[in-house]
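As the structure is a computational prediction, the values presented were derived from the model and not from experiment.
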4 protein chains.
Amino acid sequence: MIYFDSDYMVGAHPEVLERLVETNGLHTVGYGRDEFTAEAKRVVLDACGIADGEVYFLEGGTQTNAVVIDRLLDHNDGVVAVDTAHINVHEAGAIESTGHKIITLPNRDGKLDAKALDSYIDGFYRDETNHYMVRPGMVYISYPTELGTVYSRQELADIGDVCRRWNIPLYVDGARLAYGLCADGAEVGLKDLAGMCDVFYIGGTKCGALFGEAVVTRHRDLLPRFVSLIKLHGATLAKGRLLGVQFTALFSNGLYERIGAHAVRLAMKLKAGFTEKGYRLYIDSPTNQQFFVLPNEKIDELKKVASFELWGPRGETETPVRFVTDWATTDADVDTLTAAL
Amino acid sequence: MIYFDSDYMVGAHPEVLERLVETNGLHTVGYGRDEFTAEAKRVVLDACGIADGEVYFLEGGTQTNAVVIDRLLDHNDGVVAVDTAHINVHEAGAIESTGHKIITLPNRDGKLDAKALDSYIDGFYRDETNHYMVRPGMVYISYPTELGTVYSRQELADIGDVCRRWNIPLYVDGARLAYGLCADGAEVGLKDLAGMCDVFYIGGTKCGALFGEAVVTRHRDLLPRFVSLIKLHGATLAKGRLLGVQFTALFSNGLYERIGAHAVRLAMKLKAGFTEKGYRLYIDSPTNQQFFVLPNEKIDELKKVASFELWGPRGETETPVRFVTDWATTDADVDTLTAAL
Amino acid sequence: MIYFDSDYMVGAHPEVLERLVETNGLHTVGYGRDEFTAEAKRVVLDACGIADGEVYFLEGGTQTNAVVIDRLLDHNDGVVAVDTAHINVHEAGAIESTGHKIITLPNRDGKLDAKALDSYIDGFYRDETNHYMVRPGMVYISYPTELGTVYSRQELADIGDVCRRWNIPLYVDGARLAYGLCADGAEVGLKDLAGMCDVFYIGGTKCGALFGEAVVTRHRDLLPRFVSLIKLHGATLAKGRLLGVQFTALFSNGLYERIGAHAVRLAMKLKAGFTEKGYRLYIDSPTNQQFFVLPNEKIDELKKVASFELWGPRGETETPVRFVTDWATTDADVDTLTAAL
Amino acid sequence: MIYFDSDYMVGAHPEVLERLVETNGLHTVGYGRDEFTAEAKRVVLDACGIADGEVYFLEGGTQTNAVVIDRLLDHNDGVVAVDTAHINVHEAGAIESTGHKIITLPNRDGKLDAKALDSYIDGFYRDETNHYMVRPGMVYISYPTELGTVYSRQELADIGDVCRRWNIPLYVDGARLAYGLCADGAEVGLKDLAGMCDVFYIGGTKCGALFGEAVVTRHRDLLPRFVSLIKLHGATLAKGRLLGVQFTALFSNGLYERIGAHAVRLAMKLKAGFTEKGYRLYIDSPTNQQFFVLPNEKIDELKKVASFELWGPRGETETPVRFVTDWATTDADVDTLTAAL
């Protein structure tokens, strides 16, 4: 069996694991107040080109989104996102459980449109009854998106402009950031991203770590008392240095980019394999997630050799499916898959 | 100035006020454990044709929706409603503040479509990842809808069937129930409604009371420990008998229906006045709310003689507007308005 | 039967009711944006000696406490209160339902001790692990307290000093404020109170209104976007002017003080009647609530002529009980009660 | 420097780490639906002597407490715990953030007293106003307690009896369960515990794992839809098998007990070292946490050779302190420490 279900199906990249093993027996204080964590913060800020910002390490993506959004919003604020956003679909209501509405706008290839965003907020403020409506208090996008697509530099800049116009923060979910930064034709580097949004997180779990996400902001005061809020959400790791150790590894020797580039290269190869055989793209993704619409019989057949996910409920005759690559995917895996088409 | 902003712009109907004045000096125990409240419960259940159910009195609509929905949903459940639903637009995020998502489906003239509902829930259960999605845990509709429209008997029955198929409760927001029951061409009576949904509330605030809503259910055990939950939501009235006194008045001598019929008659007259003058309906409503699309200059002109609301943000050249009638609206009010068109 | 259960057992004081009746047929805009409400705000601020503050009207006490506290606290803050506080005992968990801990300190005759408060907060800040503890974010007291007692001017000033020292707001629950201001030997007037705390509410429900509480603050910006938060909590009255009308009445012609003085005079008479007959005070209250410890047989006997509450669970041989007076209590009521002792 | 701050200052026990390394490169499905997790559930249930129950793996203790308690309580229920409970003091308000009150009773050496518990609940139900009070909906204890003490078999049985009498679940926080099971003089084994409470968790983080806790219940239906609730709380690990792998290691070859026994032996040695030198116990703990009251000068002196925590704010002349042992503590560490006394 070869695995394309997602990018969290193996353990850590060997270079990450090695550092965990090397440091396993050392004593440090807990809860991220140790030197490994401090070092990782420096390394991450440096990679982001931020001279004076903050980094916080959390364990997983849903948790990270909930804590950040809970911090950025006032009581009756909502977070604006596209309808396909991970927070809107696949986090079991985690955002709403913190008391906040997700205000959804239609996606365009998984992306938020700056004009539609501006128009929505403008309409809100021109509505006489808006004090009884949920105020758009921040914007959530992911990079890459839930559908594997990436924003162009201009698209990102436009969204940032709208946010500044209305004085609300822009937050970027980077669960799969490595693959976005290394996307086929990507225009946005890590430092670009860090400068264009207010808060973002660098995904570790899906990008080579055992687990872990790094929340980054260039505004020192944007997330007040965040350490306490992380604890309140049950998102504080007792052996916090495990996160620091992993992120230092990911941002040493270009590992994070190597992971991204490897997975994207194989994803492009996989896409070519499918399209050459005449299969239809569900969406054209330049990153490590590839979506096709396959006949149900073909799905059943492929399931014998490969593990992968249906994208939504099974259709009557055909169904969208997703194939995902990561650091552990090999050329041989892709070859085997496409040979089975 | 004549007033068409909404149906909460005057005090109570004189027959309701009279009862409040008559009983003002009497002593009763508090918090709705008094005889007036007990009497009102009997009167309401009788009007609903329910032999063995429960009635709870609350103070206002947003509060009522929040308490009922909070009670009916399990932790990661959401409430299914149309995008135009009051809970989704004009309650400042009250439902989300209890931790629950509003799952929105597109409205059709303000109404929920039974087939679209069934299809959504079916898709949810056929999605392999649904344990990380928000489960559709109940259905919310309003009668009449936010746009003044009413469901036919068949439409309501179909929604009820879908709910039973998926074993989730159907809740009806009856903030303006009097006008729905007396709608032009209405097919659904109070007893029909009571039998076709699991919980509903009979609006008092917008239908002749000073304030107050009556939550009704024919399932004794559907709202366990509801008295405590009402208190937790800060929705318990110390002088609870005030609600009982008002609802007994509303359901004595056919008052509730008289109020509904009066307002609807004047709304139909108002609609005729506008359409005869060539103005366009925003939607064709058979109840006490009437919606037109008016040129902005006409709006500015009318605002000199009448008070009414824009329905959404002001457009560039024309804007939807709403005119609402109630027990205190007179034929002369409508005549004055239509004369000014 | 004569009634001493509480101060919410009759309707409104006749002078309040009269204004409601007089204004019943008038049209105003809803949700408290009307002239009656504006007038009431002016009248209340004037009575409080506040030149530039804010007033908000809500419907009931539990609701008011929840909304104010939810607004004043940051995410992992708690509210400091005595163990006997209404919010800690008799509000069904309303405060916790907004996500906040009530940090309790032992009461002294129902009162919070400034030194104990200071010591607690000091200890918190000296604890190395306090970033994982609930931060004391505000102080809640009631005036009079849950046990009917009142703070001296010095006691209040001391608590205010502690709050300023630690830079947290002091909030006073004035559900029964009329009786506190008119307490036997009271040192604190309305203007004193308004100047000594940051936010407080003036109780209407238990002090002569049908229902309603007025939140007052002398800091214009302390409760940002409070109108939206009130709505989110379901605490917005559609016919908002009903609150304005009532509070204008309560603060016209000295009515609020007349109500307080009347009830306190009768409470003192009642206390004298009990103590003369040799019954033991549970606590010595100078306000309209009187607490005694009575033998269970005496309780059973008295219940035949008077309605009143046990204060906590029934003891084996004797039980604390409470008798409450209000504007509607008469000398004859008290005479009948004491004659039955 | 030698480390006694806590039991989360090194990585995983070598036998645990080894299994993580061995399995690192294998592919499995995510989110705990893999074979490693399934195996761990079987191993854990077997160790607990539960034929037909459920096991769920989470990442950390605060999170686990919040999710379990949120699941077990109805809306206006509270959880009964001692005042010193971890959930009440050191979880930053995580429980309250889910909307629930912690009802505290005074601790006796960190323990809950069955009689006090029964008396509290009995008083609650005998209070006429209890429908407006927070209902005691479950009981939380920890084993060992926050102060390192353990319940006798009889004490545990008595608490269980009270819970059954009032029909509420008993939940045991086993963050340091290994040390409780191996406590000096312990009477309660893992199977005993599993049979005497309704839900408990077996601590991994503080007992030899990198991180992770195993929630165990012998009632299949007590935690409905728990997988979704875990996700909603952001507590789902994408690479869920990491938890399975670790717990299988912990419960293979008697590792969990070996870890507990080792740490407790050294803790007893450490206690003897302190008491022989005449230092006063803060409390007499039979587990891996040892508490002493030390003069401040001695604390300052010891801090030069050893890392450990103050237990609460620093006193004027002396302060309680805590020393904790774990699998990585050596005889030499303890010898060095006691030599420095």
Problem set entry | Part of C/A66 lying under 4.5 Å from any heavy atom of chain B | neither

Seminar exercise, completed: Greatest number of non-hydrogen atom pairs under 4.5 angstrom with chain B, of C/G25, C/G234, C/G30, C/G93, falls to C/G234

Seminar exercise, completed: From the list C/A328, C/G99, C/A12, the residue making the most non-hydrogen contacts under 4.5 Å with chain B is C/A12

Exercise. For C/A209, is it the side chain, the backbone, both or neither that has a heavy atom under 4.5 Å from a heavy atom of chain B?
Worked result: backbone

Exercise. Chain B heavy atoms under 4.5 Å from C/L237: which part of the residue, side chain, backbone, both or neither?
Worked result: side chain

Exercise. Is chain C contacted by the side chain of B/L210, its backbone, both, or neither, given a heavy-atom distance below 4.5 Å?
Worked result: both

Do chain B and chain C have donor-acceptor pairs under 3.5 Å, and which are they?
from	atom 1	to	atom 2	distance (Å)
B/M9	O	C/T28	N	2.9
B/M9	O	C/R241	NH1	3.4
B/V10	O	C/K239	NZ	3.2
B/G11	N	C/N24	O	2.7
B/G11	O	C/K239	NZ	3.0
B/A12	N	C/N24	OD1	2.7
B/A12	O	C/N24	ND2	2.8
B/N24	O	C/G11	N	2.7
B/N24	OD1	C/A12	N	2.7
B/N24	ND2	C/A12	O	2.8
B/T28	N	C/M9	O	2.9
B/T62	OG1	C/K231	NZ	3.0
B/Q63	NE2	C/G234	O	3.0
B/T205	O	C/K239	NZ	3.3
B/A209	O	C/K239	NZ	2.6
B/K231	NZ	C/T62	OG1	3.0
B/G234	O	C/Q63	NE2	3.0
B/K239	NZ	C/V10	O	3.2
B/K239	NZ	C/G11	O	3.0
B/K239	NZ	C/T205	O	3.3
B/K239	NZ	C/A209	O	2.6
B/R241	NH1	C/M9	O	3.3

